[in-house]
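What follows is a short report on a single structure.
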Amino acid sequence: MTLSYLLRRVFHALIVLVMVGIITFFVVRLAPGGPSLLADPKLSSVERQAIEQRLGLNEPLPVQFTKWAGQTARGNLGNSFLYGAPTVQIIMTRLPNTLILAGTSLLLTLAVALPLGLASGMRPGSVFDRITSTVSLVFIAVPVFWFGLLLIILFAVTWRILPAGGMNTAGQEGSFPDLLRHLILPAVVLSAASIAEILRYTRSSTRTVSTQDYVRTARAKGVGQWALRSRHILRNAAIPILTAVGLQLPRLIGGAAITETIFGWPGMGRLSVEAALGRDYPLIMGITLFVALAVVTFNLLIDLMYPWLDPRVRAEA
Amino acid sequence: MPRRLFSVGLLTLSFALTLSSAQAQSGTLKLPLINDPIMNPVIAPDLGSVLINKVIFPGLVRPNEDLLPEPDLAKSWTITGGGLVYTFTLRNDVKWHDGKPFTAADVVFTFKAATDPKSGSRLVSDFSSIKDVVAVNPTTVRFTLSRPFAPFLTLLGHNAGILPKHLLDGKPLNDATAFNRSTPIGTGPFKVTRVVPGASITLEANKDYYGTKPKLAGMVFKVVPDINTQVAQLRSGELDWVNVEPNSIASLQNDPNITLKQANAVQHFLVFFNQKNPLFAPAKVRESMQYAVNRKAIIDGVLKGYADYPTGTLPTALKKYYDKTIKPVQYDPARAKQLLAEAGWKPDAKGQLVNARGEPFKFTLIVDRGNPSREQAALAVQQDLKKVGMDVTLQPLEFATLVRDYLIPGKYDANLIWWTTPPDPDQYSYYATGQDNNNAFFSSPRADDLLKRGRETADVAQRQKIYNEFQRLEMTNPPVLVLYYPKELQAIRKNLSGVPDLGIRDALRHSEDFQLK
Amino acid sequence: MQQTVPQPVALSPARRSARRLRRNPSAVWSLAVLLLIVAFALLGPLVYRASPETIDFAQQFAGPSWGHPLGADENGRDVLIRLMLGGRVSLAVGFFAVAVSLVFGVLIGGLSGFFRGWADSVLMRFTDGMLAIPGFFISLLALTFFGAGLTQLVLVIGLTSWMGLARLVRGEVLREREELSVEAARALGASELRVLWRHVLPQVYPTMIVNATIGISFAILTESALSFLGVGIQPPDASWGNMLTGAQNYMYSSPWLAVYPGALILITVVAFNLLGDGLRDASDPQGR
């Protein structure tokens, strides 16, 4: 791993971000319709013009693009149409909430998927393996919004043991147990599909790894079951698993749209739905760029971690 | 078993509470929003914002249970100068939530901003009749109008909440992001204490409120975007009041903790027929639509009966002006065909309507997508019109696209949409020739004359006559096809009382009377 | 193009795979179930003739009867025929979206690997960019802005899911260019592009087919999720996704309205996934 390689990767990442920005700008602006602020049939023509002028929509598109590009290059993503506040500020108030939800889901995913995947990968074809495989498939296949509403009806309406949505009981913001109660259902819904996917990856890489010679040797040398699992198999199965987790990232950060909408969770997913449906151009651009930045950075980090995890990659790079 | 224990516990608890706080405020009312509101009545366009602003920002007057203006921030008023000069005497005991006194200067500031489109005002057309507003002294405000304008008082009590000059003076209202989003200051019975973006707005009772002391300890507006989750939260007690569409009724009917209430809404749901399109220019064709579409079936089937049968564009909620003696047009496809034949449209061998040149009666009906009631109503309209031989294509569109690319430029044939109007019969801007909201391009000299006289006449008896005549005119020359006047369906938890028999918008103007047991 | 001579070398792995697939019971069952579902959607409406759009308010939420074997929905429309026609739409979204993504993946990956140099750079950065945007968000945006319908859904889902395949094809092309077989073929005078086409594609077929199978189930699920946000297939047309979304309003009173489309989505997606797994195992040379 040389410095020039690193610089090249960072340069590539920047180009990717510029591309994302340009693509989104033109997709959004060339589309029919307009910001939802203007979608009020009651507006008089005077009010309509005042709004267009305020939002800077009355100028020709190339002028708007130059302005936007100049601003963005200086790190100013503009003011949201819907909220009137700076886009970055809005994203920053929502981001922690999404991180709480996505982080919990990720932990839940790993806590469930890794041991189960490892266990079924070690004994492919066993009853245990078949049951986990089938159950995990069902979780992949059930539409998220339906699963969410089903859980709400069961846990909040019928049994009344968990809240039906929100992040806190109003007035109890900052109470950790209260937050935890609100977290359970959305975290379960959000991780359902990820658990199933990571489980399948873990299972198949475990299966591949455990037939390798060094594992057989270790087993023959009398290395204990747990040491074998943790040191030899899991470590070597880590790369494909980590890559798979990386691929879940855009979904967790930007794609929690449905889960957050159903549970009224005030995060980025819900914000992205609002931005799209409200056609809030600056907010749409901001969210897209932000998520792209996060994904690109994460992928860069994974790239940098490969050599640490796998000596063979170190030699090649 | 556990539920029984729980309810016993609850009983004891509420009993204890009643004992300890005989007169004190208690209970927090929880209401849903679908996204973060703009807490500034002059610039807030959406329903959620409108609702919360009713609680925070009182106006000079407010509607009573008959939807007539009663004193609020203004103690009394006089109308002089031939209906052109309105002089209000303000209360002198009103304080803003930050403790500063409320004066006439605040009222003047608010209406200067409201009539200036550059401030971001959404009330410009409501108050375009104001020529001048001055503070005569700290408790007297005088409005001078450029023309007599009968709905003026009603509009003052509708969305025109008064804003604090001392916090907002000097720049466009739109730029006051902190005020609009997190620290609004009003004079209402509840004041905002905490805003969690995307999640909730917490309000507590205002101890210095000038009217009856609020009976609730506070209110919480919760952001719950999905309607099915709102219903679930209502059932689980996490919300106290949710306005629902008729299709949710089945989910709520059997719940012992929930009452379903109907309130009159000043709304009419309708189909625009673009009268720039030669198909719809003849009055006979538009008249025939009223016979061709089975509106009774739509009301019973789609709205489960929670709507009134229409005659004209004035909703039944405007009790004073709605003329009950006019006989509504009933479903009668034969009569529709006859009228269409008179207008030159006769069925061909296949039953399709064609004109003398053999051209078919063919058009596209657009509707905004995502709302089950409107989509179903559009389906029903399409089917009924097909039955009389029209070739109707249904096209659901996203609302923003529908309005901006189709409705406003007039590039459509027919459109199912709705109007929510202030509680006043004035429909000049909707149905007079060339007006901003006349999206069907309806034009009738007689209607123009009636609507103009209607908005300029202050005398109620005379206004009644004018609007009754307008309503009768609409039976034979309908500007639009009115489908129904919906009822507002309020699903309310049984322990909430003190809510006046009004739509939620106007009921929230009386939130100090709400009570949770 | 002239008829190609059967190539025993290219065909025999496929035949071997087919044999292995037959020995995988869950894949065989899945295939059978999928054929049944396709038949239900494609042939069903030819046998069972009912109007999917006729509103009959008298029949709202009616239970099963001779007239409506699976009952009627909130508009009194026949549920069975809507499930069949909705199945056509949902399956069409699945198949065509995957077709779009295959075409794009092969085209972009192929061109990228073939031209190399700056064209490769541009195409690969574009691919990275598409991978970095959350696909669901961009689909939602595109459908809000350009209107929702079958064509738009197919394009949007297809255009946000070709990236993995493109990378794979590019890698194969790059590898293949170096291989002797290509050199030999070039010596025989075949055009380079055609050689690559002939040699590379068979290499990626197995992965393509596995991707496609799972891609179909992904597309069906995506359509249902987009329906929930109101940008899926638009009424009066039915899809399993919008039927399930519509049924959400009646979960307490008529839960069976949600059960039918929900179960069909579930079964179809599980079956496509099992089939994909079976195909993967079958095409894996080390598979047992």
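Residue numbering restarts at 1 for every chain, and letters A, B, ... go by the order of the sequence lines.
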Under 4.5 Å from any heavy atom of chain A, what part of [X] do you find: side chain, backbone, both or neither?
X        : answer
B:Arg235 : both
B:Ile34  : backbone
B:Ser200 : side chain
B:Asn228 : both
B:Leu123 : backbone
B:Val220 : side chain
B:Thr28  : neither
B:Thr177 : side chain
B:Tyr430 : side chain

Between the side chains of B:Lys30 and B:Gln233, is a donor N or O closer than 3.5 angstrom to an acceptor N or O?
-> no

Most heavy-atom pairs under 4.5 Å with chain B, out of A:Ser45, A:Ala85, A:Pro35, A:Gly267, belong to A:Ser45

Give the member of A:Gly166, A:Pro163, A:Ala50, A:Gly148 that has the highest number of heavy-atom pairs under 4.5 Å with chain B.
-> A:Pro163

In plain terms, say whether A:Arg270 and A:Glu274 are close enough for a salt bridge, that is, a side-chain N and a carboxylate O under 4.0 Å apart.
-> yes

Hey, is B:Arg374 close enough to B:Asp368 for a salt bridge, meaning N to O under 4.0 Å?
-> yes

So which atom in [X] and which in [Y] form the shortest heavy-atom distance, rounded to 0.1 Å?
X        : Y        : result
B:Ala44  : B:Val50  : O-CG2, 4.2 Å
B:Ala113 : B:Leu173 : CB-CD1, 3.8 Å
A:Ile262 : A:Val144 : CD1-O, 4.3 Å

Any chance the rings of B:Phe399 and B:Trp418 have centres within less than 6.0 Å?
-> yes

Top of B:Val224, B:Asn35, B:Val223 for chain A proximity - count of heavy-atom pairs under 4.5 angstrom | B:Asn35

Identify which of B:Ile417, B:Asp255, B:Thr420 forms the greatest number of heavy-atom pairs closer than 4.5 Å to chain A.
-> B:Thr420

Would you say the side-chain atoms of B:Thr229 pair up with the backbone N or O of A:Phe263, donor to acceptor, closer than 3.5 Å?
-> no

